[in-house]
Each structure stands twice: as C-alpha cells, then as structure tokens.
Amino acid sequence: MKHYLTKKKFLHLLMEWYHANKRELPWRGEKDPYKIWISEIILQQTRVEQGIPYYLNFLKKFPDISSLANSDIDNVLKVWEGLGYYRRALYAREAAKQMMEWHSGKVPAKFVELLELKGIGEYTAAAVASIAFHEPVAVVDGNVLRFFSRLLGIKDDISLPATINKIRKYTNYFLDQHSPGEYNQAIMEMGATCCTPKNPNCNLCPFQKYCYAFNHQKTSILPQKTKKINVNKRYFIYYIIEKNNTYYFQRREKEDIWKGMYEPLLKEFKTLKDAKRELTRFENHVGPLRHVLSHQHIYAFAVNCNIDKKLNQKNFYSRKQLKKLPMPVLVKKLLNLHNDKKSN
DNA sequence: AAACCGGGGCC
DNA sequence: GGCCCAGGTTT
C-alpha cells in the first residue's frame, strides 16, 4: 500500500484537524455527566443545529437528575415539543428515576451500567462513558460509519449489525486511550462537517491521500445503504369541540406516533375519499394539511363540531390550560389554520 | 433482521 | 421526492 496510515499518524491528523476546525457547541468542555447525557439523548437522529435550543431549554427546566426524575410527564414532553421522537423524553425521565434508585442519584460511570438505562443504547453509553468519564470505548454513529466506510473502502451495508460491529473494531483500534472523549467527538465532527453525506469537502480533508473513496471516486456511493423506507398514507379529521370557552383535548395513549401528546377528538380514515365523504356532513372545514413524517404522510382536516356525545368533563381545557399541553407539530399547525379561518 | 418512532434541512 | 441526522426499542 502506497500510503499506509499508522495509528499514530491517524491520530495526529485527526486531532490537528479537530482543534483547528471544531464547532463551538454548548456542551463542548462540559464536565457535568448529566448535561452530557442529556445532550446525547437530544442529538439522537437529530442535527446539532436543531438540537441546541432544546438542549439549553431542557437544562433550564430540568437542571439536574432529581428535577427530571420528579418531573411531570406533560412538562417534559412540552419541552420536547417540535423535536420529534418523543419517546426519548419519556425514556430520559425513566432513566433519571433509575439513576435515583440504582446509582444514588448520579449518572453511572461505566459503559455497561449506562447500557442498562432506559433510552441508552450502544452509542449513547459509549459517548457518555468516554466523554464524561474517560472510559476508552469508541462510539459508532452515522458519522463514524460514513467516515470509515469511505476511508477504508468498506462496501457492506451500514444498516447491518455485522457492518456496525466491523467498523466498531476499526474505530476502537484507532481510539486514543488517553482522551477517548476527544477522539470520539473528533471523528463525529469529521463526519458532520467534512465527510458529509453529499458533496463532502475532500479538498479540506486531512485524510484525502489515504482515503479509498476519494482515490477511487466512490465518495458518492459510499457508504452503502440498501434499506429503503416505504411511506404510509393516513387521513385524519380532527373535531374541534368547544364548550363554554373550553376545548376538548385528549392524550394519545396507543402505541402509535406522538404517544403522550395531546390532540382534539380524532377520527382516522383509510382513504381520502372516505375522509371527504365525512367532511360533507359539515358546513366547512380546513385542510387538507399535508404533514410529512419519515414513514408516513398524513393528510389532516379540522371541522367545528358540537356533539352531544358524553365526553369526559376533565378533558375540556381553557385556552390558558391548552398552552401547557404538549402537542404534535401537525396539530399546532392545523389549529392555527382553524383559528385563522374563524377570525375571518 | 425488520419495523417503528418526528421533524427539519439539503439536494 | 429522496436522503440523512451525535439511535433506541420492540417484535
């Protein structure tokens, strides 16, 4: 091999690049394991720029483990509102309780202990153990998979566990035993800002001459990912029920999207035709509002409704109370449309 | 192993 | 419209 990359050379190139190019982020240099843990939960499947304001706000509302462990579920979800993957917030609250019970109110220091906690998998356990407690374990996230698959020319499907384990071995080989947290953050920063999914900045990359993908013009086809998602279409009609200046809202309890979030009375239809037939029963409506999720396209309508149906009285909320309820982004958008129409 | 869980940014 | 994001849990 013409350009052989020793571990020493690899670490020198990586850390020199990192110290010159890293972004200043709120959790950089953070020592508090709680804050480091929260940052990692928020950043799961979430872009750093999108997560930052949520990180700051979450810590303002829940500054330590006990405040989160003793929190009201609605309040936690409210802070998470708009970020998506709402289970993360519920799991974090559960994990805080587990820390109170099992670890005397502290974030456990070991990878294997962290792994036992709700919402903490291989990635987050390694991130917290290495960044907060300097345990020498390498993280494997989307950035790490992309960086190594290109650098080393790994053509296996990166969504397969076998491929993830393969790349884990490589990144663990290169891991800086003395500053594993810095090493992990440096690789992720490479993937996020230099070795990007599309149009990577190879001209600025310190590994260019060692990189398989660059040297074989394969940056656009690596990493390989064969899995494709299929999108479901769903049709929602929300019934806006008002009574004495209060509004009927209910909590989503089923195993479905937005569990724990609040919404008006909902009926779901299998086809657009069925939904439109239902709409003919009402004088007017708003929608369809098309809402795109990763695996679902939702077409939502809202109608005014005065029904005699026996509805639980405690599910009627004043406008002031509504502001405290966590709601899906779609519901908030639809309510805005509905209110705009009424005021015209 | 595959399905499910959100919303936003980029191309 | 498709892809990806400092992934994890459930089936």
Which part of the nucleic acid, if any, lies within reach of [X] when heavy atoms closer than 4.0 Å are counted: base, sugar-phosphate only, or nothing?
X      : result
W27(A) : base
R28(A) : base
L25(A) : base

*Where does the angle between the aromatic ring planes of Y317(A) and F249(A) fall among parallel (under 30°), tilted (30 to 60°) and perpendicular (over 60°)?*
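Answer is perpendicular, since the angle exceeds 60°.
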
_For F148(A) and F174(A), take the angle between the two ring planes, folded into 0 to 90°, and tell me which bin it lands in: parallel under 30, tilted 30 to 60, perpendicular over 60._
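Correct class here is parallel.
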
Whole-Å distance separating the [atom1] atom of [X] from the [atom2] atom of [N]:
X       : N      : atom1 : atom2 : result
I41(A)  : dT9(C) : CD1   : C1'   : 13 Å
I187(A) : dA6(C) : CD1   : C1'   : 13 Å
I36(A)  : dA6(C) : CD1   : C1'   : 13 Å
Y123(A) : dT9(C) : OH    : C1'   : 18 Å
H297(A) : dC4(B) : NE2   : P     : 14 Å
I167(A) : dA6(C) : CD1   : P     : 16 Å
N230(A) : dA2(B) : CG    : P     : 13 Å
E189(A) : dA6(C) : CD    : P     : 9 Å

Considering only the [atom1] atoms, how many Å lie between [N] and [M], rounded to the nearest integer?
N      : M      : atom1 : answer
dG8(B) : dT9(C) : P     : 25 Å
dG6(B) : dC3(C) : C1'   : 15 Å
dG9(B) : dG8(C) : C1'   : 23 Å
dC4(C) : dC5(B) : C1'   : 16 Å

*Does any pair with a residue in residues 184-199 of chain A pass salt bridge (Lys or Arg N to Asp or Glu O under 4.0 Å), and if so which ones, sequence neighbours excluded?*
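For residues 184-199 of chain A, and leaving out neighbouring residues, the salt bridge (Lys or Arg N to Asp or Glu O under 4.0 Å) pairs sorted by first residue read R23(A)-E189(A), R28(A)-E189(A).
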
*Name every residue in residues 130-164 of chain A that has at least one heavy atom under 4.0 Å from any atom of DNA chain B, in order of residue number, or write none if there are no such residues.*
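P161(A), in order of number.
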
*Y210(A): partners by side-chain hydrogen bond (donor to acceptor under 3.5 Å, both in side chains), with sequence neighbours left out*: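 Y210(A) satisfies side-chain hydrogen bond (donor to acceptor under 3.5 Å, both in side chains) with no residue once adjacent residues are dropped.
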
_Between T124(A) and dG8(C), is there a contact of a side-chain N or O with OP1 or OP2 at under 4.0 Å?_
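So the side chain of T124(A) is within the cut-off, an N or O lying under 4.0 Å from OP1 or OP2 of dG8(C).
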
_Can you list everything that forms a salt bridge (Lys or Arg N to Asp or Glu O under 4.0 Å) with E278(A)? Sequence neighbours excluded, please._
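Per chain and number, E278(A) pairs via salt bridge (Lys or Arg N to Asp or Glu O under 4.0 Å) with K267(A), R281(A).
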
*Mind checking what makes ring-ring contact (aromatic ring centres under 6.0 Å, His included) contact with W27(A), not counting sequence neighbours?*
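By the ring-ring contact (aromatic ring centres under 6.0 Å, His included) rule, W27(A) matches Y55(A).
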
*Quick one: list whatever passes ring-ring contact (aromatic ring centres under 6.0 Å, His included) with Y91(A), sequence neighbours left out.*
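Result, ring-ring contact (aromatic ring centres under 6.0 Å, His included) vs Y91(A): none returned.
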
*Which letter, B, S or -, goes with each nucleotide of nucleotides 5-11 of chain B from 5' to 3', with contact meaning a protein heavy atom under 4.0 Å?*
BBBBB--

*What is the distance from atom SG of C195(A) to atom CG of L222(A), rounded to the nearest 0.5 Å?*
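Rounded to the nearest 0.5 Å, the SG-CG separation comes to 9.5 Å.
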
_Restricting to side-chain contact (heavy atoms from CB on, under 4.5 Å), what partner residues turn up for A96(A), sequence neighbours left out?_
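With neighbours one apart ignored, the set is W37(A), I65(A), L68(A), A69(A).
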
*Kindly state each residue pair satisfying side chain to side chain donor-acceptor pair (under 3.5 Å) with at least one member in residues 95-112 of chain A, sequence neighbours excluded.*
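Qualifying pairs: none.
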
